[in-house]
Amino acid sequence: MGTSVQVKPLCGVYNENPLCYLVSVDGFNFLVDCGWNDHFDPSLLQPLSRVASSIDAVLLSHPDTLHLGALPYAVKQFGLSAPVYSTEPVHRLGLLTMYDQYASRKQVSDFDLFTLDDIDSAFQNVNRLTYSQNFHLSGKGEGIVIAPHVAGHLLGGTVWKITKDGEDVIYAVDFNHRKERLLNGTVLESFVRPAVLITDAYNALNNQPSRRQRDQEFLDAILKTLRADGNVLLPVDTAGRVLELLLILEQYWTQHHLTYPIFFLTCISSSTIDYVKSFLEWMSDSIAKSFEHTRDNAFLLKNVTLLINKSALDKVPDGPKIVLASMASLEAGFSHDIFVEWAPDVKNLVLFTERGQFGTLARMLQADPPPKAVKVTMSKRVPLVGDELAAYEEEQNRIKKEEALKASLIKEEESKAPHGSHLSVGDPMAIDDSSTHAKSDVPARYDGVYGDIFTDGFTPPSSSIAPMFPFYENSSEWDDFGEVINPDDYVIKEEDMDQGSLQVGGDPNGNLDEGSASLILDTAPSKVVSYELTVQVKSSLLYMDYEGRSDGRSVKSILAHVAPLKLVLVHGSAEATEHLKQHCLKHVCPHVYAPQIEETIDVTSDLCAYKVQLSEKLMSNVLLKKLGDHEIAWVDAEVGKTDSDMLSVLPLSTPAPPHKSVLVGDIKMADFKQFLASKGVPVEFGGGALRCGEYVTLRKIGDATQKGSGAGIQPIIIEGPLSEEYYKIREYLYSQFYSLKKNLVLCGYHVVHARCIQAVHFGFGRLGFGERKRRERWGERREMVSIWAVQHTFGRLGWVARAPCGIHLLVKIDFASGTEIALTKAREDTPLASSAYLVQSQEEEGDLLQVQRYWDWNNPDGDLCKTSKFFVFKLLHPVGEAEATWVPIHCLGNQALFLGDNYSLSVQRLSFPIKCLPNCIYCTQHYHSIGVPYVTQRIDEDFGIFDIQKESFESCHTPGPPFGRNALPPIWCVPNMKGSLFRVTSLDVVVVVVDELA
C-alpha cells in the first residue's frame with residue numbers, strides 16, 4: 001500500500017468561501033491555508049476549532065484574507081500552536097494585510113476578534129522558505145518533505161508539494177499560468193503524475209480574453225472617464241493584485257506622459273511599497289533583468305502618490321483622478337467611503353478588478369448594475385468630548401484604583417506568608433529557592449537573613465518591609481581561564497531583529513511612518529457613530545477580470561498535462577465544481593473527488609511502494625546522470641533478498657535483453673523556440689508546428705488532453721530534407737532530453753538508404769517505411785516491398801497497405817511497439833499492379849480507399865512507361881469476420897483523388913467548383929524502374945486525369961517552362977485560399993498554379 005493520504009475540507013467547498021483544508025499524510029496533519037472572509041464570521045471557523053489541537057503544521061499559499069485571514073484568531077481562540085510555513089512575501093504581505101484589515105475595522109466598529117498583538121503572535125514564528133527549497137520535517141513528520149513552488153496570482157503565491165516515500169501530494173489553488181508584468185506563470189505543469197492533486201474549480205466556467213486586449217480595454221475605460229472630467233475608483237486589496245494594477249498604470253503613464261493624478265490609499269500603503277521594493281527576486285524575469293541592467297526598481301513609483309488616510313485625499317484639488325483604495329469588497333476601508341461620495345455622479349467610474357465575495361456590497365453591485373439605490377451603513381470613530389470624556393476618564397481612574405488595591409492586597413498576603421520553614425536554623429546563610437526573582441519590589445525574606453545580609457540579635461517583624469535592595473546570587477561557571485561565556489547569549493536572533501518591524505508593520509528597516517503608526521496605535525478615547533444612508537448609484541460600474549487566475553480552458557489543459565492519479569476539487573461554486581469534475585472524469589483521471597465540509601476522503605495511492613537496497617556490486621557499474629533534482633540511469637537487475645530479509649536489487653545472472661530508446665523529460669515548444677533562437681536559428685510558429693530554419697519543421701502529434709495519453713506527453717516528429725540544417729536541429733532537440741539509449745529513427749523528404757531501410761516522408765505528418773533488399777549496384781533490377789501509409793484514425797496506430805505482385809494486403813502497424821496485424825486477406829484474382837496508393841475518402845463515411853495503378857510497358861518510347869488505367873477499392877469489414885476485404889468501386893461521387901509519389905489526397909469538388917472535376921483521378925508520374933529513381937523522366941510526361949466512370953485517360957498540359965529530366969516527382973497540397981491547386985517540385989522548389997486542369 002502506498003502513502004496514506006486523507007483530505008478533510010474545513011471550509012471552502014462547493015462555494016466561494018475562504019480556503020481551509022486538513023490534509024493528513026501518514027498521520028501527520030497539515031492545515032493547508034487558514035482563510036477568512038471580509039465579514040469575519042466566526043461560525044465559518046467552527047470546523048477548524050474542532051481539529052485545531054491535532055494540527056502538526058500549517059502551510060500558507062497566498063498573502064490575502066481568503067488564505068490566511070483566520071490565523072490570528074485561530075492562534076488566540078483555538079490554541080493553534082503548530083509551526084507555520086510560507087514564502088517570505090506571503091509572510092510579510094500577509095502581515096500587512098491583517099494590519100490593514102484590523103485598522104479598517106477598528107475605525108468603524110468595536111472590533112475585538114483579534115488585536116495587533118494577536119497578529120504579531122501568529123506571524124512571529126512563521127518559517128520562511130524559498131521557491132523549490134526542500135524542507136525535511138522531523139519528529140512526527142520524519143520522512144516528509146515539503147517544498148513551495150511558483151503559483152503566480154499573488155506575490156509569493158505558492159503551489160505546495162508534500163512528498164513521502166516518493167509519492168507527491170500537490171496543493172495548487174488560485175494558480176495562474178500566464179506571465180504578467182509582476183509575476184511569472186506557475187510551474188504546476190512541470191509536475192507529472194503526482195499521487196494526489198488538490199486544486200480549485202473557482203474559474204472552471206470562465207474564459208478570459210488575451211492580456212493585450214484586456215489591458216487595452218482597461219486603460220481605454222479609465223482614460224475615457226478622466227477625459228470626461230470624471231473620477232475613477234478601483235476597490236483593491238491591500239498587497240495582492242493591486243501591485244499588478246500599479247505597474248500597469250505606472251508604465252502607461254510614463255510611456256504616454258499623462259498627468260492625471262493616481263493615488264494608492266490604504267492604512268499602510270507606504271509600508272506595503274517599501275516591503276515590495278525588497279522582493280524583486282520573487283517577481284517576473286523582466287523586472288529582475290531590468291533591475292540588473294538599469295538598477296531601476298519597478299516600484300519606485302513616479303506617477304503614483306501613496307496616502308494613508310482619507311483626509312489627505314480630501315485636500316487634493318478638484319479634478320479627474322484615479323484612486324486605488326482598500327477594501328475590494330466595499331464592506332469597510334477607504335473604498336467604502338469614497339464609493340458613497342462618488343457614486344451619485346454620472347461622470348465617475350467604479351472599476352472592479354475582481355469578483356466581490358458573496359454577501360458584500362461589491363458583489364451586489366456587480367450582480368445588479370445601476371442605476372439603482374443602495375442602503376449603506378456609514379460608521380466613523382470620533383473622539384470623546386465633554387461629559388462623555390469625563391465619564392470615560394472617571395471610569396478609567398476607578399479601574400486603576402481597583403487594580404492598585406488588588407495588587408497591594410496580594411503583596412500583603414505574600415509578606416505575611418511563612419517563609420523558610422524547611423530551612424536549617426543552624427545555617428544562617430541558607431537561601432530559600434521558593435521565592436521568585438520576579439517580585440523585585442518585595443525582598444526575599446529568610447530566617448534571620450535578608451538577601452546576603454546576616455542580622456545578629458534582631459529579627460524584624462514579619463509585617464515590616466526591610467529597607468534593603470534585593471540581591472541574587474551569580475551562579476556563573478568558571479574555569480581556568482575565567483568565567484565561561486555562552487556565545488549564544490551575544491547573538492541577536494533573526495526573529496528578534498524582525499520584531500521591530502513586525503510590531504507595527506513598518507518598513508524593512510523597522511521604521512514606521514508616523515501616519516501609519518497614529519492610525520494603528522491611536523489609543524485616544526473615542527466612540528463609533530453609525531447611521532443608515534441611501535446612495536443613488538448613478539456612476540458607471542465596470543468589472544474586468546484582473547484576478548490573476550487561470551481560466552477554465554487553461555485549467556483543463558493543465559490538469560490533463562499533469563494527469564494526477566487522484567484529483568480532489570475544492571473552492572468553487574457548486575456548478576463550477578460539478579462541471580470540472582465531470583470533465584476530469586472523462587479526460588484527466590478516473591478518480592476525481594469533490595468532498596463536502598468535514599467529509600474525510602481517503603486518497604491513498606493504489607500503488608505499492610517497497611524499499612529496496614541497491615547492492616554495491618550493481619551500483620559500481622551504473623552510470624548516473626543529473627536530471628533536475630534527481631539522478632537517473634537505466635538498470636537491468638533482478639530482485640533478491642539480503643541476509644536480513646531486506647529486498648535487494650542485484651545484477652542479472654544472464655545477459656540483459658536489449659531495450660528500446662528511452663528519452664526522459666518533456667519540452668514545451670515555446671521554450672524550444674527560444675532555445676533555437678538563442679542558437680541563431682530562424683524559428684517561428686505556423687500551422688500548429690514549429691518552423692526551424694528554411695526547411696525543417698517540428699510538430700507534436702497526438703492529443704495531450706486525451707485520458708491515458710501518457711500524462712499528456714506527446715511524441716515530437718521532425719520533418720524536412722536530410723541536410724546539415726536538419727541534423728543540427730535534431731541534435732539541438734536531443735540535447736533537451738536525457739537519452740537512456742539513443743536509437744531514434746527520424747524521417748526526411750528524400751529517400752534514405754541506411755541499413756537497407758528506406759524511409760520516405762509522406763507529406764503533412766504522414767510517414768511511410770519501406771524495406772529494400774539491396775543489390776551490388778543501382779542499375780540492376782531488385783526486389784522491393786513498398787509501404788504506403790496514411791493516418792486514417794486518431795491515435796497511435798497507422799494504416800499500411802502492401803501491394804507487391806498484386807497481393808492486396810492491409811496491415812495495421814503499432815508504431816510504438818512495432819507489431820503488425822494483418823487486416824485483410826491476400827487476393828490472387830487481380831492482375832499485377834504497378835503501384836498502389838492509400839487515400840482517405842472525403843465523403844461522409846470517410847472510407848479508406850486503395851487505388852491501384854497500371855502502366856503500359858509497350859509504349860513507343862521504349863524505355864518509358866505510361867499509366868494506362870486505375871482500379872479503386874474500398875475497405876469493408878464484413879460482420880462476423882475477423883479480417884476486412886477490399887471491394888472494387890466504380891464511382892467516387894463528388895470527389896476527386898490526387899495521387900502523388902509521396903502523398904495522395906481526396907478533395908471535394910465543392911471546395912474547387914470550377915477547376916476540379918468530380919469522379920476523377922489526377923496523377924503525376926510514378927516511374928522508377930530503370931536507373932536511379934526519378935532521374936530519367938520529365939515530371940510532366942505521365943501527368944493526366946483519369947475518369948473513373950468513362951475509364952478514359954487524357955493528358956493534361958501544364959503552363960509554364962518545362963522541367964528538367966532530373967526533377968523529383970511533384971507533390972499535391974491544398975492551400976488555405978480557395979480556387980487553386982498547387983503542384984510543388986522538390987528539386988527547384990517551383991510552385992505551379994493549375995488554373996485549368998481540364
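Below, all heavy atoms of this structure are taken into account, side chains as well, without hydrogens, waters or symmetry copies. Positions are given from 1 along the sequence.
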Measure across [X] and [Y] and return the closest heavy-atom pair with its distance rounded to 0.1 Å.
X: Val150; Y: Asn184; value: CG1-O, 4.2 Å
X: Leu188; Y: Ile170; value: CD1-CG2, 4.0 Å
X: His336; Y: Val376; value: NE2-CB, 4.1 Å
X: Ala362; Y: Ala328; value: CB-O, 3.5 Å

**Prompt:** Looking at Arg211 and Glu180, does any basic side-chain N land under 4.0 Å from a carboxylate oxygen?
**Reply:** no
Is the closest basic N to carboxylate O distance between Arg381 and Asp110 below 4.0 Å?
yes
Hey, can you pull the donor-acceptor pairs under 3.5 Å for the side chains in residues 35-45, sequence neighbours left out?
{"from": "Trp36", "atom 1": "NE1", "to": "Asp41", "atom 2": "O", "distance (Å)": "2.9"}
{"from": "Asn37", "atom 1": "OD1", "to": "His39", "atom 2": "N", "distance (Å)": "3.2"}
{"from": "Asn37", "atom 1": "OD1", "to": "Phe40", "atom 2": "N", "distance (Å)": "3.1"}
{"from": "Asp38", "atom 1": "OD1", "to": "Gln101", "atom 2": "NE2", "distance (Å)": "3.4"}
{"from": "Asp38", "atom 1": "OD2", "to": "Ser329", "atom 2": "OG", "distance (Å)": "2.7"}
{"from": "His39", "atom 1": "NE2", "to": "Gly359", "atom 2": "O", "distance (Å)": "3.4"}
{"from": "Asp41", "atom 1": "OD1", "to": "Ser43", "atom 2": "N", "distance (Å)": "3.2"}
{"from": "Asp41", "atom 1": "OD1", "to": "Ser43", "atom 2": "OG", "distance (Å)": "2.9"}
{"from": "Asp41", "atom 1": "OD2", "to": "Ser43", "atom 2": "OG", "distance (Å)": "2.7"}

Is the ring pair Tyr260/Trp253 parallel, tilted or perpendicular, if the boundaries are 30 and 60 degrees? perpendicular
### Aromatic plane relationship, Phe111 with Tyr102 - under 30° parallel, 30 to 60° tilted, over 60° perpendicular
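Rings of Tyr102 and Phe111: perpendicular, as their planes differ by over 60°.
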Partners of [X] by salt bridge (charged side-chain N to carboxylate O under 4.0 Å, His left out), sequence neighbours excluded?
X: Glu354; result: none
X: Lys179; result: none
X: Asp314; result: Lys310

So the salt bridge (charged side-chain N to carboxylate O under 4.0 Å, His left out) pairs with at least one residue in residues 73-86 (sequence neighbours excluded) are Lys76-Asp118
Quick one about Asn303 and Thr254 (side-chain donor to acceptor, distance below 3.5 Å, no hydrogens or angles considered), yes or no?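 Their side chains do contain a donor-acceptor pair, which is all the 3.5 Å distance test asks for.
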| said: Working note: Phe78 + Tyr73, criterion ring pair (Phe, Tyr, Trp, His ring centres under 6.0 Å); need CA distance, chi angles, decisive distance, verdict. | reply: CA-CA 8 Å; Phe78 304 152; Tyr73 186 85; 5.5 Å; yes
Does any N or O in the side chain of [X] come within less than 3.5 Å of the main-chain N or O of [Y], such that one atom is a donor and the other an acceptor?
X: Asp117; Y: Thr115; value: no
X: Asp545; Y: Glu547; value: yes
X: Asp200; Y: Asp174; value: yes

Practice prompt. Would you check if the distance from the ring center of Tyr85 to the ring center of Trp160 is below 6.0 Å?
Written response: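 No, the ring of Tyr85 stays outside the 6.0 Å limit from the ring of Trp160, centre to centre.
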- Could you please spell out the steps behind the side-chain hydrogen bond (donor to acceptor under 3.5 Å, both in side chains) verdict for Ser554 and Asp551? CA-CA 5 Å; Ser554 301; Asp551 61 2; 2.7 Å; yes
Would you mind reporting whether Phe279 and Arg92 have side-chain heavy atoms less than 4.5 Å apart?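 The answer is yes, as the side chains (C-beta and beyond) meet within the 4.5 Å cut-off.
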Quiz prompt | With Ala147 via side chain to side chain contact (heavy atoms under 4.5 Å, CB included) - residues at least two apart | solution =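 Result, side chain to side chain contact (heavy atoms under 4.5 Å, CB included) vs Ala147: Asn134, His149.
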task: Walk me through it: do His571 and Asn17 pass the test side-chain hydrogen bond (donor to acceptor under 3.5 Å, both in side chains)?
output: CA-CA 7 Å; His571 196 234; Asn17 283 339; over 6 Å; no
